[in-house]
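Bear in mind that the values here come from a model prediction, so they are computed numbers and not experimental data.
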Amino acid sequence: MTEAPSKPTTGPLPTARAEGCPFDPAAGFTELREKDPIARVECPAGMDAWLVTRYDDVRTVLSSSGLSSAVPVMAHADSNADFSQPINPGSIIQTDGEVHSRLRRLLTAEFTVKRIQALRPYIQKLIDDHIDAMLAGGDSADLVRDFALPIPSLVICELLGVPYEQRDQFQRQSAILTSVDVDPELSQRAIGEIQQFVGQLVVSKMQAPADDLISRLIARANESGQPLSVEELVVLALSLLVAGHETTANMIALSTATLLRNPDQLDELRANPELVPSAVEEMLRYLSVVQFGLFRAITEDIPLGDETLRAGEFLITSLASGNRDTSVFPDADALDVKRKASAHLAFGYGAHQCLGQQLARVELQQVFGTLFTRIPTLRLATPFEDLKFKDDTLVYGVRSLPVAWDAQN
């Protein structure tokens, strides 16, 4: 740190949501956004960090070249954060500069609008098949286990080129890998198994390329004169799995719970299905599942408002708070499926803005264009107050979502 901090801390990083308000960001953000939008806070790991809570400030700092992502992703919210852990080659979300640009260039062609739109029929079939299976199984289900988790997992399988006969195994391992409820020993074993699985998949694609993301990535890197190592390819593939699976699965389940909790908005959506795309953007804004924001190291002094964020310090940008900024989104704490919310920050901003955002949009649009039409009597099968939410994970969500429907569906 070059100099002493220019202002004292205001208190701990807000992490606890207000009781009875599971869809709102942690209590404390609203007051900070209004009274101290560029605050210094104490992190659970013990260090201080700047906390930026207004929409425009979040965009400004995330556009800055004076930030590094080569830090533990959740260090600001984890009391056991370990800064000594090395960054794995290929970890695109933890690289900077030319290394990050190279990986992003190689992946960009996989997430063009045209390529993602071509996946719509496959995604729709997955959705229909899983709804068929739920309906065939009776008049109730856990929407997380039976619908929200498997669909994005199978989409990732399709992208990566996982053979059909191995997709059940891949799903089981990825479910453990992305779960917070499993025994640590089981989780470590699953991590080892899926790393081995993806490693073998990468080697098989090197030996026998096919029409899939990994094969095209290998070819594109070779053509660039900078081939990717097996380790880089494995870490890249696992990064896509975690980023593409965890966020979308939680958005499917949490958005369903939100619409069931807001029947006027669900009725609006049912009456006007053309609102599905705007409703998806609004739910991305309203729910902002990256609940603790983005953590960065500051590498160059950044002037912001009346403050200077100094090199050597840490920064947290609260995407959830920025998305509730009433200067950009009037009545921001209300869910409005008719709102034009596409400028939200749910996918981040700047050089690290989510590469897979078009894929997430298409998956969510297909889900919410289908789920309540195929199952018009879908409802919670448990009191809303009994739902358990993921208050302690980087990606927010609901742990299970018991739902029921009338048998004639």
Side-chain angles (χ1 to χ4, degrees), residues 1-10 13-14 25 29 32-43 45 47-77 81 83 87 91-105 107-108 239 243 247 284-285 288 290-325 327-329 342-357 394:
M1 191 176 297
T2 56
E3 300 177 51
S6 57
K7 65 186 295 186
T9 59
T10 57
L13 171 70
F29 277 119
L32 282 174
R33 193 170 58 242
E34 292 174 354
K35 298 180 179 177
D36 193 9
I38 309 169
R40 285 189 65 81
V41 295
E42 303 159 8
C43 297
M47 74 285 194
D48 296 343
W50 291 100
L51 173 62
V52 177
T53 49
R54 286 184 179 169
Y55 178 92
D56 287 341
D57 289 340
V58 169
R59 285 167 54 113
T60 297
V61 292
L62 288 180
S63 302
S64 168
S65 60
L67 298 179
S68 171
S69 299
V71 289
V73 174
M74 199 176 165
H76 56 307
F83 284 82
I87 305 298
S91 180
I92 189 170
I93 61 173
Q94 291 177 285
T95 56
D96 301 316
E98 180 50 36
V99 175
H100 172 256
S101 297
R102 170 185 168 242
L103 296 175
R104 195 171 175 96
R105 279 196 303 273
L107 277 172
T108 297
S239 298
T247 50
L284 287 163
R285 179 201 72 84
S288 298
V290 181
Q291 64 173 333
F292 300 126
L294 303 177
F295 182 61
R296 299 285 189 265
I298 301 170
T299 57
E300 301 171 6
D301 287 1
I302 303 171
L304 185 67
D306 295 332
E307 309 290 351
T308 298
L309 317 185
R310 294 183 183 134
E313 298 179 326
F314 293 111
L315 169 72
I316 303 163
T317 53
S318 176
L319 307 179
S321 177
N323 278 337
R324 296 295 184 100
D325 190 332
S327 70
V328 180
F329 304 106
S342 59
H344 60 74
L345 299 168
F347 294 116
Y349 195 74
H352 280 269
Q353 190 171 31
C354 177
L355 254 177
Q357 59 183 283
L394 183 62

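Proximity of a side-chain donor or acceptor of His76 to a complementary backbone N or O of Met47 within less than 3.5 Å is not detected. Judged by distance alone, with hydrogens and angles left aside, the side-chain atoms of Thr108 form a donor-acceptor pair with the main-chain N or O of Arg104 at under 3.5 Å. Looking only at distances, no side-chain donor or acceptor of Arg33 sits under 3.5 Å from a matching main-chain atom of Gly322. The closest donor-acceptor contact from the side chain of Thr10 to the backbone of Val41 lies at 3.5 Å or more, if one exists at all. Put simply, the side chain of Asp325 never gets that close to the backbone of Arg54: no donor and acceptor are under 3.5 Å apart.
A distance of 10.0 Å separates CZ of Phe295 from CG of Leu13, quoted to the nearest 0.5 Å. The structure places CG of Asn323 at 4.5 Å from CG of Leu345, a figure rounded to the nearest 0.5 Å. Once rounded to the nearest 0.5 Å, the distance linking CD1 of Ile38 with CG of Leu309 reads 7.0 Å. One distance of note links CG of Leu32 with OG of Ser318; it measures 9.5 Å at 0.5 Å rounding. Note that the CD1 atom of Ile316 and the OG1 atom of Thr53 stand 11.0 Å from one another [nearest 0.5 Å]. Trp50 contributes atom CH2, which lies 10.0 Å from atom CG of Leu315 (distance to the nearest 0.5 angstrom).
Considering Ile93, Leu62, Leu67 as possible partners of Leu294, the one that fulfils the side chain to side chain contact (heavy atoms under 4.5 Å, CB included) test is Leu62. The side chain to side chain donor-acceptor pair (under 3.5 Å) test with Ser69 singles out one residue from Gln94, Arg296, His100, and that residue is Arg296.
Judged purely by distance below 3.5 Å, without hydrogens or angles, the side chains of Asp301 and Thr308 never pair a donor atom with an acceptor atom. No donor-acceptor contact under 3.5 angstrom links the side chains of Thr9 and Asp48, judged on distance only.
Shown here for Ile87 and Ala70, the closest heavy-atom pair between the two residues is CD1-C, 4.2 Å. Minimum interatomic distance between Ala75 and Ala45 (heavy atoms only, all atoms of both residues): O-CB, 3.7 Å. Closest approach of Ser91 and Thr95 over heavy atoms only: O-CG2, 3.2 Å. In terms of heavy-atom proximity, Ala343 sits nearest to Tyr55 at O-OH, 2.6 Å.
Every residue meeting the side-chain contact (heavy atoms from CB on, under 4.5 Å) condition with Ser63, not counting sequence neighbours, appears here in chain and number order: Tyr349. The side-chain contact (heavy atoms from CB on, under 4.5 Å) check on Ala243 picks up nothing, with sequence neighbours excluded.
Comment: Arg105 engages Glu98 in a salt bridge, judged by a side-chain N to carboxylate O separation of less than 4.0 angstrom. For Glu307 and Arg40, the salt-bridge test fails: no basic side-chain N is under 4.0 Å from an acidic carboxylate O.
Between Phe83 and Phe314, the two ring planes are tilted [angle within 30° to 60°].
In this structure, Arg324 forms no cation-pi arrangement with Phe329, as its terminal cationic atom is not both closer than 6.0 Å to the ring centre and no more than 45° off the ring axis.
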